[in-house]
Structure formats: structure tokens, C-alpha cells
Protein chains: 2
Amino acid sequence: MTDKSIFDDDKDPSDSYGYSIPLKDFFSCALSVDCAIFGYEDNDVKILLIKRGAEPFKNSWALPGDLMYPRENLEDAAQRVLKSLTGIENLFMEQAHSFGGVQRHPTGRVITVSYYSLVNIQDYKPKASSWAKKLKWHSLKEIPDLAFDHRDILDSSVHSLRKNLRTRLIGFNLLPGKFTLKDVQQLYELILDQKFDKANFRKKVLASDFLEPLDEVESNVPYRPAKLYKLADIADNSSSFEV
Amino acid sequence: MTDKSIFDDDKDPSDSYGYSIPLKDFFSCALSVDCAIFGYEDNDVKILLIKRGAEPFKNSWALPGDLMYPRENLEDAAQRVLKSLTGIENLFMEQAHSFGGVQRHPTGRVITVSYYSLVNIQDYKPKASSWAKKLKWHSLKEIPDLAFDHRDILDSSVHSLRKNLRTRLIGFNLLPGKFTLKDVQQLYELILDQKFDKANFRKKVLASDFLEPLDEVESNVPYRPAKLYKLADIADNSSSFEV
DNA sequence: CCAAAAGTGTTACCTTTACACCCATGT
DNA sequence: ACATGGGTGTAAAGGTAACACTTTTGG
């Protein structure tokens, strides 16, 4: 690990061109990426956690995350790490926030960049691999103690999620390929912790043209089956939808 | 600088606990912070740039930014660097985005975290210091070539600024201590590149309770002087204001 | 027929928009 | 008096919220 002496002579270099500590001492940090993958199932929003099989924080639950290679783009690192630990590939993730507390990693100075995304749990069957011992979708209502400052990272990701759900299309990512309008409404109510009027919610979501009606309805329900919809092809991440 | 060999044996470590390259090789990156400080003057939004007096990109214009010490919090680094290069102290800055392209810094692997803030140019008299040779408020309309990927960082900061201006209070930071409603409107029109109806804009901004009227009016104007306002004490960064 | 949830129409209310008009001041 | 920009009122248009209602299914 980094020579401890680096830490003992931080001085203000601002009075000269160049630096008062050797340039190489600045190049002693590591970067990591942490992925907050939200899923939706049983009318509940869940977060994908792994059980760490490696030190530090061995056996603790944590967000899937790992060190970035020195010659790897941040985005590539996020993709690689997620795939390596959970098997999930090619998932678009959005950068959320960077965490740079000095003491946040016991091994040395590690700054982490968090990414988040939303998936429908039915569509992904993640499987623990590499040093991830276990993997589980945890309800946001019961989050265990997490490694490092992952609780802060998770909270910050939830915040980004809520903020973006109001203005962007990302919410639909959580739903299965075919879904009812009620599913959409329940999802929004759950994430935003807010009730919507059924008639008005439908009008708004249908008016947005993001949904394409299918010639299909629910089956095996003891009441009038609801029409099924899919996400319209034209809808992309830049489309806006205000609830 | 970092031993080149680190870069030549990046391998996928996902098949074993631990890593296929020595742990210390991960700790070979540097972090930097870059500050996008927006100012407002003469009905124009400007960005504070420094002329670099040190390699690399010596003599190029750049956002004020520098390497973070290995034992320094990110936020502390942002404050220190801004003060060191421009003299501006205790300015609240918001984290915007992190940039981690492999080739973005010629010296080695440097990931940068950008921060931004808004100030009223009248209130700050920044002065180039440390390795900043010169310092200048540049109109956003005429940005010179910038060092590193600072153009991308600037664009991303402008984007964050616009996004937040619509829902948060930050816009008022750009204004002097006393200002007219017209000043507010011009600022919003300028940043959002959009015209607002005078009567309606006034109603909205006054209804928000963010402004406190002063017993004072403009002077030396060849027409009816406008009433002056100041930002109300109760208004904080969490207050919302929708234009 | 009933229960349950899907799905729709109507109205009252509120906000936004557009625009006209009056007001205060320096010259 | 008049030109200039400050400041205000109002009515039309549009969107939102609330709620009652009809429809379709399984039992």
C-alpha cells in the first residue's frame, strides 16, 4: 500500500509553481465504482446487494463495486464490475455522485464514483460471481448494515432516483415487458411515496405516448382483466414525462 | 510518474478473490477538482478562467483546478484549490460530475471531479495566485480553447446550472445585494435563453417570498426608478422556485 | 346477480398566458 | 408635456384534481 509518509507532509503548494510534495505522491489514490441497481417486484422496490467474499468488510453486504483499473474509463469500469460480480451486462447506468472521504476505505485512499440504474427483476437473473459470495435483492425497507459508506451511497442514489423519476422515463425500466396501467401507477406511488388519482394518472401516462397498447389482457384474474401495454419504441431516455 | 508496466497487464481479476495485478498498482491514480464559477455582469453570464502558468497546458486557459492531496476530502480540496488559484474563499460549490477518461491528463491517470457555483461578480475580486498567471471572467459566448477536457466539463456545468436554475434558488446568488425585479428577470432570461412576460414573472417571483423589498429605489436613471429588493433571510438552498 | 377492479366523463378549480393599461420620474 | 421603463389588473385558455359513473370479468 501507499507509503504512509505521503500522508505526513501534505503542505500547501500554492506558493510556487509545481508542488511541494513529489508529483508521484499525488498518484497514490485508487478509484472505485459502486453500482446501485434498483429492481421492482411484488410491489416493492429492491436494491441488489452482494455479500463480500473478500477483505475488507468480508461477509458484509455491499453494493456491487470494485476498484477501477488504472487504464480503464470510468464507465467501462462500472460495466465490467457489475458484470463481474453479478453477471448483469450492457445495462445503462447513470453516474450519480462521487464520494471522497479520506477515511472511507481502510486499505488506502479510494474515491468512489456511484452509478445507478433500474431494472425489472423478472428480466434479470443476476448470479454472484468473482469475490461476491452471495447476491440478494433487498427491499429498501430493510437494508442491512452495509460495507464502507455504502449506506450513504445508497441513500444518495435513492435521492437521484426519485428526482429523475418525476421528469424522465426511467421508471418504466423497472416494469416487465408487458404491464398494466395499474402497474405503472403502483410503481410511481411506491417510489415517490405518493398516491395518484386513477383516472388522472391514466390520462397523463397515455397522453405521453410512451406506451403502446397490446392486443392482450391480463389472465387468471378474478375480475375484469386489464389491458396490457408495452413501452413504445420511440420512447427514449430523453423523453419527458411529468407526473 | 506511474510505472508504465501497470498499464500493460490489466487483466480480468474476476475469477479469483483478490486481484490479478498487485493491489498497489491500483493505487496509482490522482484525483483533481475543477471549479466552474459562474458570474453575472453587464447582462452577461461569465465563467472564471485562469491562464495556466505550469505544465501541462502551460499558457492555456483552464477552469481553476488542481490535484487533490492524498489525505484531503474532495470538498476540502475544491475549497483549497479555488482559494489558492483565485483567492475566493468559503464559496459553497455543488458537485456536478466526474470525468474519468483514460487519456484526459497527459501526466498520468487523473480523474477529476467538477464543482460549480454562482457568484455576483461585484462581490468578488478574484486575483490570480499560485501557478495561475492570469485570471479573467470570460463571457460564455466566447470561450477560448481550454486545457485538458475542460470544455466538456464547462459544458456539463452549464447544463447543471440550467437544470437547477429552474427549480432552486441558486440563481439569486449571481445578483448583487440589492437588485430590481428586472435584474432577476434578465438573469433568468439570459441563463435559460428564454423570454418571460414581465407581469407574470414578477407575480411569480414575488409570490415565492424569496425577496424582501427595501425602502430604496434605483438612482440616476432617466425614467421611473425601480424598487430594490434583497434576498430574504429565510430563503435557503432548499427553497424551491419554479419559473 | 354480485363483487372487484378496469376504465371513462364531467365539473369545479387553479394556474398560466397574453395583453392592455396606468404610474412615476428625468428632461 | 413626453418619452421611458416600472408596475398592475383582467380575462381567456389551458391544465389539474376530485369524484361519480359505467363496463367487464369470475364466481
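In the text below, chain A, chain B and the rest are named by the order of the sequence lines, each starting its count at 1. FYI, side chains are in, hydrogens and waters are out, and symmetry mates aren't considered; it's all heavy atoms of this structure.
With rounding to whole Å, B:Phe201 atom CZ is found 17 Å from C:dA18 atom C1'. Atom pair A:Lys227:NZ and C:dT8:P shows a separation of 10 Å (rounding to whole Å applied). For the pair A:Leu181 CG and C:dA5 C1', the interatomic distance rounds to 13 Å; values are reported in whole Å. Residue A:Gln185 contributes atom CD, which lies 14 Å from atom P of C:dA5 at whole-angstrom precision.
Shown here are the side chain to side chain donor-acceptor pair (under 3.5 Å) partners of A:Glu41, two or more places apart in sequence or in another chain: A:Lys46. Applying the side chain to side chain donor-acceptor pair (under 3.5 Å) rule to B:Ser117 yields no partners; only residues at least two apart in sequence or on another chain are considered. For A:Arg151, the side chain to side chain donor-acceptor pair (under 3.5 Å) criterion is met by A:Asp155, not counting sequence neighbours.
For A:Phe196 and A:Tyr188, the distance between ring centers is not under 6.0 angstrom. Between B:Phe57 and B:Phe148, the ring center distance clears the sub-6.0 Å criterion.
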Nucleotides 20-27 of chain C: protein proximity per nucleotide (B base, S sugar-phosphate only, - neither; heavy atom, under 4.0 Å): ---BBBS-
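For DNA chain D, the contact window with chain B, defined by any atom under 4.0 Å from a protein heavy atom, covers D:dT4 to D:dT10 in 5' to 3' order.
Note on B:Asp44 versus B:Lys141: salt bridge recorded, some NZ/NE/NH1/NH2 to OD/OE distance being below 4.0 Å.
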Protein-nucleic acid N or O pairs under 3.5 Å, nucleotides 10-12 of chain C:
unit_1 : atom_1 : unit_2   : atom_2 : d
C:dT10 : O4     : A:Lys203 : NZ     : 3.2

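Applying the 6.0 Å contact sphere to NZ of B:Lys125 captures more than 12 heavy atoms from other residues, nucleotides or ligands.
Of the possible donor and acceptor atoms, one in the side chain of B:Gln79 sits under 3.5 Å from a partner among the backbone N and O of B:Leu91. Side-chain N or O atoms of A:Asn73 include none that pairs as donor or acceptor with a backbone N or O of A:Asp76 at under 3.5 Å.
Here the OG atom belonging to B:Ser114 is positioned 10.5 Å from the CD atom belonging to B:Glu94, to the nearest 0.5 angstrom.
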